[in-house]
Amino acid sequence: MTSVVFVHGTGVREDSYRASYGRVSRGLKRVRPDVRLVPCYWGDTYGAHLALGGVSYPERDQDRALPGADADDPLTVWALLEQDPLAEIGLLADSAPPDEGGGFVPGRVSPWDALAGRVRSLGAADAQLPGAAEADGSAHEFAAEISGQLGAAAGQVAAEISMRLSGTAPVPDAEAMAARAVVALAVRLAENAQDAEEALPVDGADRDALVDALTDRLGGADRGAKAAAKWTASRLLADPFLWGISPGVQAGRRRMTGKILPGSGDILRYQGRGAGLRARIADIVALTREQDDGPVVLLAHSLGGIASVDLLAMEPAHGVDLLVTVGSQAPFLYEIDALTGVRRGDELPATFPRWVNVYDRRDLLGFVGERVFPGRVTDARVDLRQPFPRSHTGYFAHGPLYERIAAELP
């Protein structure tokens, strides 16, 4: 009798595995009723858990003297501008009332168009970045790095103000808002121009000094950072994605980390402590071989596939006749030399079994192996007709998958 050992992937816990196991069992019975499915569940023992109850999280009362401890901290605004330098202008445009007292008067320039004109002048050819000449140390380096993009940034911000805010009521601290947008966009443009592999190092004090200088040049007096933070924080609180990027909104940190911990944590734990999971798979395979005395197939999803490849590359007497990986990252890890079982440049050992690698092109975590291990892997493409991430989690709901597996089973 052929036995199929089903190894799950990252982030799976008992209830989820039980459902997946039932789904795989039904799928295999439909195409190969003679096959025995063997569970290999490892999530509780070798998955990631907050074993100390989350004591590694910073507590709010420990952070009272640090920026970002309160939901209305000015850094909340910068967290938003990191994602979109023009977002503050956009949020205002979406909520600003019309300018009731700003009807057409010959020769009158609306306050927003006047501000746009002043912003545009920041990009004049003879304009120097405020504070650049007087700055020294890191402040001077920061000013120099973004000065070449000041004109382009000022032009885009001015156009956004004219297009989005003309005809709406003026607000206090508009100059500070424009200055923040110019600096944030100049940083973004500088990074793009340099094709930077990492974010441009920016000290908050240097950034704020440049914003203050630009605000002065634009005719503003009150920087309004705290008021802007209070206004922006309410919008950040409404978007769970921004909880984790905003140092001013820590309330959602536990919730967000709790959602991503099983998946990302399992991967990190395996990379650092993978021997236990590999031993678990090896023990199940050995027991299955003893009980059934027939071919043994490893059917492994995602991280389970990585662990299976590592095991089969490291253990010559593994007793596996066929490996089927589904949505696997093993070929990618080999290419970047991060695969534990075999180093980049080395070949798979002669004892490595026949390997079928199933992938969906829309699965961003599924990779192909034929060009990585020529002659040792057969790639099998399926089409789940699902966007990512469902294209990674939906393989075992795909009926044709089992027909493809059945064709390979001994």
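None of these values were measured; they are calculated from a predicted model. As a basis for the values below, the full set of heavy atoms in this structure was taken, side chains included, without hydrogen atoms, waters or symmetry mates. Position 1 is the first residue of the sequence, and the numbers go up from there.
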Using the rule given for side chain to side chain contact (heavy atoms under 4.5 Å, CB included), can you reason through Leu299 versus Val5, listing the C-alpha separation, both sets of side-chain angles and the distance that settles it, and then say yes or no? CA-CA 6 Å; Leu299 173 60; Val5 178; over 6 Å; no

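- Under the ring-ring contact (aromatic ring centres under 6.0 Å, His included) criterion, Trp355 pairs with Phe352, Phe373, sequence neighbours left out.
- In the displayed structure, Arg376 atom CZ is contacted under 6.0 Å by more than 12 heavy atoms of other residues, nucleotides or ligands.
- In this view, Arg390 satisfies the salt bridge (Lys or Arg N to Asp or Glu O under 4.0 Å) rule with no residue, not counting sequence neighbours.
- Side chains of Asp113 and Ser110: a donor-acceptor N/O pair is present below 3.5 angstrom, by distance only.
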Let me see the working for Arg278 and Glu315 under side chain to side chain contact (heavy atoms under 4.5 Å, CB included), right down to the final yes or no. CA-CA 10 Å; Arg278 293 192 294 272; Glu315 298 288 343; over 6 Å; no

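- Between the side chain of Asn357 and the backbone N or O of Thr378, no donor-acceptor pair lies under 3.5 Å.
- With a 4.5 Å cut-off on side-chain heavy atoms, Ile281 and Ser308 count as touching.
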For Leu185 and Gln156, run side chain to side chain contact (heavy atoms under 4.5 Å, CB included): C-alpha distance rounded to whole Å, both residues' side-chain angles, the deciding distance at 0.1 Å, then the answer. CA-CA 9 Å; Leu185 185 56; Gln156 290 188 42; 3.6 Å; yes

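- Using a cutoff of 4.0 Å between basic side-chain nitrogens and carboxylate oxygens, Glu82 and Arg188 are not scored as salt-bridged.
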Name every donor-acceptor pair, under 3.5 Å, that has one atom in a side chain of residues 394-401 and the other anywhere in the protein, sequence neighbours excluded.
unit_1: Tyr395; atom_1: OH; unit_2: Asp360; atom_2: N; d: 3.0
unit_1: Tyr395; atom_1: OH; unit_2: Asp363; atom_2: OD2; d: 2.7

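- Proximity of a side-chain donor or acceptor of His301 to a complementary backbone N or O of His392 within less than 3.5 Å is detected.
- Side-chain N or O atoms of Asp379 include one that pairs as donor or acceptor with a backbone N or O of Glu370 at under 3.5 Å.
- Sequence neighbours left out, the pairs with a member in residues 15-27 that pass salt bridge (Lys or Arg N to Asp or Glu O under 4.0 Å) are Glu14-Arg18, Asp15-Arg18.
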Worked check of salt bridge (charged side-chain N to carboxylate O under 4.0 Å, His left out) between Arg217 and Glu175: CA-CA 9 Å; Arg217 176 171 288 190; Glu175 294 83 4; over 6 Å; no

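- Using a 4.5 Å heavy-atom cutoff, the side chains of Leu210 and Ile146 are in contact.
- Annotation: salt bridge (Lys or Arg N to Asp or Glu O under 4.0 Å) contacts of Asp44 (sequence neighbours excluded): none.
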Side-chain donor-acceptor pairs of residues 327-335 under 3.5 Å, sequence neighbours excluded:
unit_1: Ser328; atom_1: OG; unit_2: Ala330; atom_2: N; d: 3.1
unit_1: Gln329; atom_1: NE2; unit_2: Ser302; atom_2: OG; d: 3.4
unit_1: Gln329; atom_1: NE2; unit_2: Gly327; atom_2: O; d: 2.9
unit_1: Gln329; atom_1: NE2; unit_2: Leu365; atom_2: O; d: 2.8
unit_1: Tyr334; atom_1: OH; unit_2: Gly345; atom_2: N; d: 2.8
unit_1: Tyr334; atom_1: OH; unit_2: Asp346; atom_2: N; d: 3.4
unit_1: Tyr334; atom_1: OH; unit_2: Asp346; atom_2: O; d: 2.7

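- Proximity of Leu28 to Val4: side-chain heavy atoms (C-beta onward) are separated by under 4.5 Å at one or more points.
- Looking only at side-chain heavy atoms (C-beta outward), Met177 and Leu165 come within less than 4.5 Å of each other.
- At a threshold of 4.5 Å between non-hydrogen side-chain atoms, the residues Tyr21 and Leu37 count as touching.
- For Arg361, there are no salt bridge (Lys or Arg N to Asp or Glu O under 4.0 Å) partners, not counting sequence neighbours.
- For residues 160-172, the set of pairs meeting the salt bridge (Lys or Arg N to Asp or Glu O under 4.0 Å) definition, not counting sequence neighbours, comprises Asp94-Arg164, Glu160-Arg164.
- Listed by chain and number, the residues in a salt bridge (Lys or Arg N to Asp or Glu O under 4.0 Å) with Arg32 are Asp34 (sequence neighbours excluded).
- Residue pairs meeting the salt bridge (Lys or Arg N to Asp or Glu O under 4.0 Å) criterion with at least one partner in residues 280-298, sequence neighbours excluded, are Arg36-Asp292, Arg289-Asp321.
- Counting only heavy atoms from C-beta outward, the side chains of Gln386 and Arg362 never approach each other to under 4.5 Å.
- Qualifying side chain to side chain contact (heavy atoms under 4.5 Å, CB included) partners for Ala114, counting only residues two or more places apart in sequence or in other chains: Val109, Arg118.
- In this structure the side chain of Ile89 reaches within 4.5 angstrom of the side chain of Ile161, judged on heavy atoms.
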Using the rule given for side chain to side chain contact (heavy atoms under 4.5 Å, CB included), can you reason through Thr340 versus Met314, listing the C-alpha separation, both sets of side-chain angles and the distance that settles it, and then say yes or no? CA-CA 9 Å; Thr340 301; Met314 299 165 70; 4.2 Å; yes

Go through Arg30 and Glu403 one step at a time and tell me if the salt bridge (charged side-chain N to carboxylate O under 4.0 Å, His left out) criterion holds. CA-CA 9 Å; Arg30 181 173 56 83; Glu403 297 171 5; 3.7 Å; yes

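- Partners of Ala87 according to the side chain to side chain contact (heavy atoms under 4.5 Å, CB included) rule, which considers only residues two or more places apart in sequence or in another chain, are Leu80, Asp84.
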